[in-house]
Amino acid sequence: MALLGPTAAGKTETSVRLAEHFQGEIFSVDSMQVYRGMDIGTAKPTMLERRGIPHHLIDVADPGEEFSVARFRRLGRELLAESTASVVIVTGGSGLHFRALVDPLSFAPTDPDLRSELEATESDALVEELLHFDPSARTIVDLANQRRVVRAVEIYRLTGETPSSRAGTAVAEDVRRYVPEIEFTAVGVDPGGALEERVDLRLARMRASGLIDEVRSLSPVIGRNARNAVGYKEILEALSGGVSFDEAFVRAATNTKKLARKQRTWFQRDPRIRWIPWFDDPDQRLRRILEAFD
RNA sequence: GGUCAGGUAGCUCAGUCGGUAGAGCGCCGGUCUGAAAAACCGGAGGUCGACGGAUCGACGCCGUCCCUGACCA
C-alpha cells in the first residue's frame with residue numbers, strides 16, 4: 001500500500017502507525033531523505049520515531065553523491081525483492097521516485113563524459129541534432145528545456161533509441177495510462193489550507209533542533225543534488241554570507257510551500273490515489289486512512 | 001522649518017528625445033522516464049502618490065499638496 005501527499009502532511013507519523021497496525025515495513029519515496037546526514041531539514045524520522053519499524057531507501061547515499069532516480073529504482077526494486085515483510089508501506093512526497101518504484105519506468109543508460117560534452121554544446125545545435133534523427137521529437141521532448149534535450153541526444157547516441165521509439169513502446173503506454181508494475185492501493189493526504197502554518201511551525205522546530213548546525217557541518221561535502229534541498233540551499237546561502245539566517249528561513253518557508261504545490265500537481269493526476277479528507281487529529285486521520293485501505 | 005533624493009504590479013526596482021508601462025521575485029496553473037526538493041512552459045495582476053495646469057497627447061514637463069529617507073538648522 002502507499003501513503004502519498006505533499007510535504008508536511010503528517011505522512012511520516014501516520015506511516016509508522018500503519019506499519020505497526022499491519023506489521024509492515026516502510027519504503028520511503030523521498031528524493032532527499034536518501035542522503036545520510038540530512039536529517040533535520042528533510043524531516044527524516046528519527047530512530048525513536050520509527051518505533052522499531054524497518055525503514056528502507058533512507059540513508060542510502062552520501063550527500064556528496066548524485067543519487068539519481070534510476071539508482072533509486074534499481075535499489076528499491078532490489079530491496080523489495082529481498083523483503084520478507086508481509087505488508088509494504090510506500091510513503092513519501094517525491095512523485096517520480098514513487099513511480100520509478102512501482103511503475104514500469106525503464107531508464108536508458110547514461111555516460112558522464114558524453115553528458116558533460118553535450119551540456120557544453122550550444123543548445124540550438126542539440127535541438128537540431130535531435131530533430132534531425134527524430135523530427136517528431138518536437139511533440140515529445142520539451143525543446144525549451146535544455147536538460148531534456150541533452151538527455152534525449154545522450155540516449156540516442158548511446159543506444160540509437162529516439163524519443164519517438166521510446167514513447168511508442170507498450171511499457172511507455174502503460175506508464176502513460178498509470179498501469180502499475182507492482183500492484184498497490186494508494187491513499188493521499190493533504191492538509192490543504194492548513195499546510196502553510198504546518199510548514200511554518202515545522203521550520204521553526206527544525207531551526208530550534210539545530211538545522212543551521214546540520215547544514216554547516218554538511219557544507220564541505222554536500223553535492224550538486226543534495227544542496228538543492230529546500231532548507232539546505234537557503235541556509236547554505238546564508239552561511240556563505242549572502243543573507244541573514246532569518247531571511248534564509250523566510251525563503252525556506254516559501255520554497256517549502258512551493259514544493260508542496262508541485263507535489264500536489266504531480267500526485268493529482270495519478271488516478272490511482274484515493275484522497276481522503278483531512279483531519280488534524282492523528283487518530284482520526286489514521287482511522288480514515290485505514291477505512292480507505294479496506 | 002530648509003535643502004536634496006524618492007513615491008510605478010504583492011515585494012525590489014527598470015522605463016532612452018512626451019505617444020496611456022516592463023523585469024526579477026512572489027502568486028495562480030501546467031509539463032515531467034538517470035539533477036525531480038531539479039529543470040522547463042503558460043497566466044493573472046498596475047486610475048505610474050493626490051489634485052490642478054500647459055500640450056493633439058504625460059509615468060515623463062510646470063505648480064500645489066501628501067508620504068518616505070538622508071542631510072542642514
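Letters A, B, ... mirror the listed sequences (proteins, then strands); counts begin at 1.
- With respect to A/Lys44 and A/Asp59, a salt bridge is recorded, a charged nitrogen being found less than 4.0 Å from a carboxylate O.
- Residue-level contact check: A/Thr7 touches neither bases nor backbone, having no heavy atom under 4.0 Å from any strand.
- Counting non-hydrogen atoms under 4.0 angstrom, A/Arg227 reaches nothing in the nucleic acid.
- Salt bridge annotation for A/Arg207-A/Asp246: present, with a cationic side-chain nitrogen under 4.0 angstrom from a carboxylate oxygen.
- Taking atom CZ of A/Arg151 as the reference point, atom P of B/U33 lies 10 Å away to the nearest angstrom.
- A straight line from CD of A/Glu237 to P of B/C25 spans 13 Å, rounded to a whole angstrom.
- Using a 4.0 Å heavy-atom criterion, one finds that A/Asp30 contacts the bases of the nucleic acid, with or without backbone contacts as well.
- Nucleic acid contact for A/Ala100: none, since no nucleic acid atom lies under 4.0 Å from a heavy atom of the residue.
- As rounded to the nearest Å, B/G29 and B/U20 have P atoms that lie 34 Å from one another.
- Atom NE2 of A/His97 is separated from atom P of B/G34 by 11 Å (rounded to the nearest Å).
- Checking the phosphate oxygens (OP1, OP2) of B/C28, a side-chain nitrogen or oxygen of A/Arg261 falls inside 4.0 Å.
- A/Glu119 and A/Arg147 are not joined by a salt bridge, as no carboxylate oxygen comes within less than 4.0 angstrom of a charged side-chain nitrogen.
- Closest contact between the side chain of A/Asn255 and the listed nucleotides B/A35, B/G26, B/G30 involves B/G26.
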Q) How does RNA chain B look in dot-bracket form if you count Watson-Crick and G-U pairs under 3.5 Å, write [ ] for pairs that cross, and put | where a base pairs with another strand? A) (((((((..((((.....[..)))).(((((.......))))).....(((((..]....)))))))))))).
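- Neither OP1 nor OP2 of B/A38 sits under 4.0 Å from any side-chain N or O of A/Asn225.
- Between A/Phe98 and A/Phe72, the distance separating the two ring centers is not shorter than 6.0 angstrom.
- Put simply, NZ on A/Lys257 is 12 Å from C1' on B/G26, counting in whole angstrom units.
- In this entry the distance linking CD of A/Glu234 with C1' of B/A38 reads 14 Å, nearest Å.
- Summary of the strand contacts: A/Leu105 and A/Gly231 both lie near RNA chain B, and taking for each the nucleotide with the nearest heavy atom, the more 5' one is attributed to A/Leu105.
- Put simply, CD on A/Glu66 is 9 Å from P on B/A36, counting in whole angstrom units.
- Taking only side-chain atoms of A/Val69, from C-beta outward, the nucleotide of B/G26, B/A38, B/G34 with the closest atom is B/G34.
- With respect to A/Lys11 and A/Asp30, no salt bridge is recorded, no charged nitrogen being found less than 4.0 Å from a carboxylate O.
- The phosphate of B/G29 has neither OP1 nor OP2 within less than 4.0 Å of any side-chain N or O from A/Arg264.
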Q) Given A/Arg17 and A/Glu13, is the salt bridge (charged side-chain N to carboxylate O under 4.0 Å, His left out) satisfied, shown in steps? A) CA-CA 6 Å; A/Arg17 297 175 68 164; A/Glu13 196 216 333; 3.2 Å; yes
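- Distance noted for atom P between B/A44 and B/A23: 12 Å (whole Å).
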Polar atom pairs between nucleotides 40-44 of chain B and protein, under 3.5 Å, N or O only, would you list them?
unit_1, atom_1, unit_2, atom_2, d
B/C40, O4', A/Asn145, ND2, 3.1
B/C40, O2', A/Asp142, OD2, 2.6

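- The residue A/Thr256 sits apart from the nucleic acid: no heavy atom pair falls under 4.0 Å.
- Ionic pairing of A/Arg287 and A/Glu291 is not present here: no N-O contact between side-chain nitrogen and carboxylate oxygen is shorter than 4.0 angstrom.
- Separation of atoms CZ (A/Arg272) and OH (A/Tyr178) is listed at 7.5 Å; rounding is to 0.5 Å.
- Among B/A35, B/A36, B/G34, the nucleotide with an atom closest to any side-chain atom of A/Arg224 is B/A35.
- Between B/U33 and B/A39, the distance separating the two P atoms is 15 Å to the nearest Å.
- One finds a side-chain N or O of A/Arg269 lying less than 4.0 angstrom from the OP1 or OP2 phosphate oxygen of B/U31.
- A salt bridge does not link A/Glu181 to A/Arg99: none of the charged side-chain nitrogens sits closer than 4.0 Å to a carboxylate oxygen.
- For the 3.5 Å distance criterion, the side chains of A/Gln263 and A/Thr7 fail to qualify, holding no donor opposite an acceptor.
- Between A/Phe67 and A/Ala172, the residue anchored closer to the 5' end of RNA chain B is A/Ala172, taking for each the nucleotide with the nearest heavy atom.
- The interatomic distance linking A/Asp113 (CG) with B/G34 (C1') rounds to 15 Å, in whole Å.
- Separating the CZ atom of A/Arg99 from the P atom of B/G34 is a distance of 13 Å, rounded to the nearest angstrom.
- To the nearest 0.5 angstrom, A/Ser94 atom OG is 10.0 Å from A/Leu4 atom CG.
- If you take atom P in B/G49 and the same atom in B/G43, they sit 27 Å apart, rounded to whole Å.
- Using a 4.0 Å heavy-atom criterion, one finds that A/Glu65 contacts no nucleic acid atom at all.
- The separation of B/A5 from B/G24, taken at their P atoms, amounts to 31 Å, rounded to a whole angstrom.
- Comparing the P positions of B/C4 and B/C13 gives a spacing of 22 Å, expressed to the nearest Å.
- Residue A/Tyr232 is classed as having no contact, given no heavy-atom separation below 4.0 Å to the nucleic acid.
- Here, B/C51 and B/C27 have their P atoms 33 Å apart, quoted to the whole Å.
- Comparing the P positions of B/C48 and B/C59 gives a spacing of 7 Å, expressed to the nearest Å.
- Taking the side chain as every heavy atom from C-beta outward, A/Glu49 and A/Val16 never approach each other to under 4.5 Å.
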